[in-house]
Structure formats: C-alpha cells, structure tokens
Amino acid sequence: MSMLYTVMILKKVLESELWFTVLHRKIKPLAVEARLRNREKKKMTLGLINANPVVQAKKERLVRTQPDQYRDDGVDPLDIYEYVRDIRDPEHPYTLEQLSVLSEESVTVDDQLDRILIKFTPTVQHCSMATIIGLCLRAKLKECLPLHYKVDILVSPGSHADEDSVNKQLNDKERVAAAMENPNLRQLVDECIYSDEI
Amino acid sequence: MDLMEKNLELVEIQKLEGHTDRVWSVAWNPVSSHADGVSPILASCSGDNTVRIWEQSSLSRSWTCKTVLEETHTRTVRSCAWSPSGELLATASFDGTTGIWKNYGSDFECIATLEGHENEVKSVSWNASGSYLATCSRDKSVWIWEVLEGNEYECAAVLSEHTQDVKMVQWHPTMDVLFSCSYDDTIKVWWSQDCDGEFECVQTLGESNNGHSSTVWAISFNATGDKMVTCSDDRTLKIWGTDIARMQSGEEYVPWSHLCTLSGYHDRTIYSAHWSRDDIIASGAGDDAIRLFVDSHDSVDGLSYNLLLKKNKAHDNDVNCVQWSRGEGDRLLASASDDGMVKIWQVATKP
C-alpha cells in the first residue's frame, strides 16, 4: 500500500510545476520497483503490452575507416550522436539508444549557423522523465561542444501528451540553469551521463 | 538629428573579465557618470553566485573590478538594481532571497535579506522615489516591499495573478505603477488606486492585445514613460504606449496599447531590451548579437522602427542583458553574456 502511495506522490510531484525542486532520491528506487511490478500485472491481464519499454540489442558501432570524417569547419551529426547515445535512461538500466529514445536521425546540424537540433522520443506518452532526459542531453552536450553552439531539444512531434510544455521548459535556459543547481537533480543527471564511466 | 543618416558603429571599449560563470545582468549606478563628476560604476551579477562592482578610473579611463560581493547568495545571482539614490544595491538570487547591500565607500555590506519567495527570485526593481521595491519569482508571484527607516523592509503585497514563472519586474520611471512579464506570455500592470499600497492587476497584455506568443523576458521604458518596449522568446520586440499626461493628471488608470511589432530581425530568443535616454532601443539575443533600433519618423502609418545597426558576435555566446548608461549623451552600453564577460561599448561615428 505504501509503495503505491509513494508512486502516486512521485507522479504528482513530477507532473506539477515543482518537479524541478522536489525530486528525492530515496523515493525513486521504490517507485521504479512498484512501476515494474504494476507492468508485470498489466502484461498478464492485457496480453500484449508496450508499457514496458522495448529494449534493443546494443547496436554495433561503426568503425570509422577515415578518422577525419567531419570537415574542419563543421560538426558531424553522427559525432554528436556518439556523445549522447550512451546516456543512461533515468529509470531503466539501458541507454537512450537501446530504448529507442534516440537514434541517428535524432540529431540534425545547421552548419552555417552552428545550431544543433535534437529530437528524442520518450518511451510512453505520459513519460514523467521526459524533462529529465532533456536535461541529461543538455548537460552532456554542454561539456562536449564548443561554447558558441546553440542546442535546441524537442520531443518528437506527437510522442508526448504535454509536448509543448516539455519543449518550452527544455528550451528556457534560465529554467534549465535553475534546475541544474538543484543537487538532487544534478546527481541524477550526472549518474545518467557518466554511467558508462563508472 | 537623424541617426540613420550618420554612419554609426558599436565600438568595444573594454572587456571586463572576472566572473567564473555566465553573467546574467548588469546595472549602471544612476548617480555616477562623467557628467556628475563621479566615476561611472557598474554592477554585474553571475551564475558564480557573486556580484562584481566595476569602476572606471578617471585617469586611465580603464575599468577595474572594485569589489566582489560574495558569501551571501548561495546560488546564481540573477539580477541586480541600484536604488535611485545610488546608495543601495538590491540583488535577486536563485537561492530565493533578495539581498540589499549598502555602499560604505570602499566596501559593500549586506544590510538586509528579503525572504518569502518559494523558489528562485528572478528580478528586482526600485520605484522612482526609492520607497518601494518589487521582486518576482518562479513561484509565479510578484512581491512589493515597502522601504522603511533603519534598513527595514516590509512586505506590502503578494500579487499572484501570473500563471507561470515571472521573469522580470519593472517600475514605471515616473509613476508608482508596476509592470511584470512572464513565462505565461503576458505582461501585467499593477496599480494602486488610492496610492495606499493596495496594488491590483489593472491590465494584462496578452496575445489578444497583439501581445507576445511566448515567454516575455524583459520590459524597458523610454525616458518620458509614455512608451515601453518588451522582448520575447517569440523573437519579436513590441512597442506599447499610453496617454501618460492623462494618467499623471487624473485619478484613473489609462490602459496601454500595442503600437508596433519589430519582427524578422532576430532568429533566436531576445533576452533583453533597453531604451536609451536619446531614444535608441538596444536588444541582446541568443544569437550572440546586439542590435540597435531607432524610430524611423516615417509617421505615415503610426509608429515604425528601423534597424540602426547589428553587432554580430558581440559576445562568444548569448547576450543576456544590455543596459545603456545613465549619463546624458555618452552613449555607453554595457552587455552581459553566457561567455562570462561584461563588455562596455560606445556608439560612435565610423571614421
């Protein structure tokens, strides 16, 4: 009973305006457990279910025969993809690529204006982790890219119930900056982006 | 004097380095300028949790950092504002507090800390007489504080009509009317009918009034206070006006109306706009550029503005704030950027 209660609180918090500040680490593991358990139940009752994310096998990495694939004056979208494909999902022990949240087509680059657009696909329409995934993308790219690159992050059109709201938050740099100053959120983001280095 | 005819350029006077994170905002001390015989003073605030005070030496004409206000705010300092007397500096921080600092000659001391907002404070503004202070926050509220004797500040009003994060508050330059702009895409006007401190929202400028279609980041008034410019994430600048004479003489609130929209000039979010005393509007945007606009005086069909000049790559990253200096005729502009720099510019005729 208390598990369900914790999940409800977490869900309410994440859906409210306060999600940026009230994410507590100790609630998370319980919630994930509960959610997975609920999914097992659904699976049994409904038969076919896609609530549990579909996990792809790890894609084989293309070995570049020519190391200097990208031009000196531009950035290769595939290089950007390399930076982000292995970011771990905040909820599940898989990468964003394995969960099909990101794919090579996710990244587009405007070389003239030095702008990068990333579109990601949350696993479910009401994914409460969408904003966190967006923050992870921003944090990772901030480290890897030269200063002047502009990054826009959007959810793939039609992939999220609160598409406009999520997009607006992810592209408001003041909101992003304030969120990243929250130690709990920062820790979660760091775990997701540095997971392959642990 | 038609500015468009002169061949003008924006010349970088100096780059002020020191902050170790992005600089969000700059503010010129109102009573210091060469005209007053006092060295100009500039405050800048940053993501490194500090505020830096810069002063121009009258001898060498170069700017140096006079003091660093630190160890008070525990998070980003988002904006700062000098009191009209120039003696006090208010600082708004993501730590939820607003600091009031007093200038004791060689040093600054934090004499008061205003608490109350539930989360990040985004902006702070003093009214023309220095009797009121306004703050706003992501908690969607605008607070009005009364300035009392002995470094005391009392909360006079908590105004909660915005439906989202409030980005900036700005008092009217001559009257005790408060303006706020928000993530909810609107600008709200707050007025106290009996001047008794009971403020209420008397107007909302939204999409239906020809308003912005996305977050409004800043508001700035012209010197006479009959016009204001607002800038937005929708990449436009909008000019609004009112019959200020009627407002100042009567007991009634006179509404503001949309006069003109400047679109097609910016292709990224415009974070800041500032109206100079001699009617030049400066804008700072997410494409690292600074633009200057002037009235075209082509008054066939109402008000219209022309781009006077565009300074590409004014900074290495987004320009967060542009502020004209207060002095008459010196046309100095300060800018703050995500690249961690503050720059001082001068509008000059090309050689």
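Letters go in sequence order (proteins before strands), and every chain restarts at 1.
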Note to self: Measuring only between side-chain heavy atoms, which start at C-beta, is A:Arg175 closer than 4.5 Å to B:Arg138?
What the structure shows: yes

Check: Shortest non-hydrogen contact from A:His148 to B:Asp316?
Finding: CB-O, 3.5 Å

Next item on the list: Measure B:Asp339 against the heavy atoms of chain A and call it side chain, backbone, both or neither at under 4.5 Å.
Entry: both

Checklist line | Side chain, backbone, both or neither of A:Asn171 within contact of chain B (heavy atoms, under 4.5 Å) | finding: neither

Check: What residues form a side-chain contact (heavy atoms from CB on, under 4.5 Å) with B:Leu309, not counting sequence neighbours?
Finding: B:Leu8, B:Leu10, B:Leu292

Next item on the list: Would you confirm whether B:Tyr183, through its side chain, and A:Asp172, through its main-chain N or O, come within 3.5 Å as a donor-acceptor pair?
Entry: no

Check: What closest approach, in Å, do B:Arg75 and A:Ala178 show between heavy atoms, and which atom pair accounts for it?
Finding: NH2-O, 3.0 Å

Next item on the list: With side-chain contact (heavy atoms from CB on, under 4.5 Å) as the test, would you mind laying out the steps for A:Asn182 and B:Phe94 before giving the verdict?
Entry: CA-CA 10 Å; A:Asn182 175 317; B:Phe94 282 2; over 6 Å; no

Next item on the list: Select, from B:Lys313, B:Lys167, B:His315, the one with the greatest count of heavy-atom pairs under 4.5 Å involving chain A.
Entry: B:Lys167

Margin query: I'd like to check A:Glu174 versus B:Asn320 (side-chain heavy atoms, cut-off strictly below 4.5 Å). Are they in contact?
Written below: no

Check: What residues, two or more places apart in sequence or in another chain, satisfy salt bridge (Lys or Arg N to Asp or Glu O under 4.0 Å) together with B:Asp318?
Finding: A:Lys150, A:Lys173

Check: Any idea which heavy atoms bring B:Thr215 and A:Lys168 closest together, and the distance?
Finding: OG1-CE, 3.1 Å

Notebook entry, point to check: Is B:Asp267 paired with A:Arg115 through a side-chain N to carboxylate O contact shorter than 4.0 Å?
Noted result: yes

Item checked: Distance in Å, B:Asp287 CG paired with A:Asp114 CG, rounded so as to fall on 0.5 Å steps -> 12.5 Å

Checklist line | Exercise: identify the closest heavy-atom pair between A:Ala177 and B:Trp24 | finding: CB-CZ2, 4.2 Å

Margin query: Can you confirm whether more than 12 heavy atoms, excluding those of A:Gln112, are under 6.0 Å from its CD atom?
Written below: no

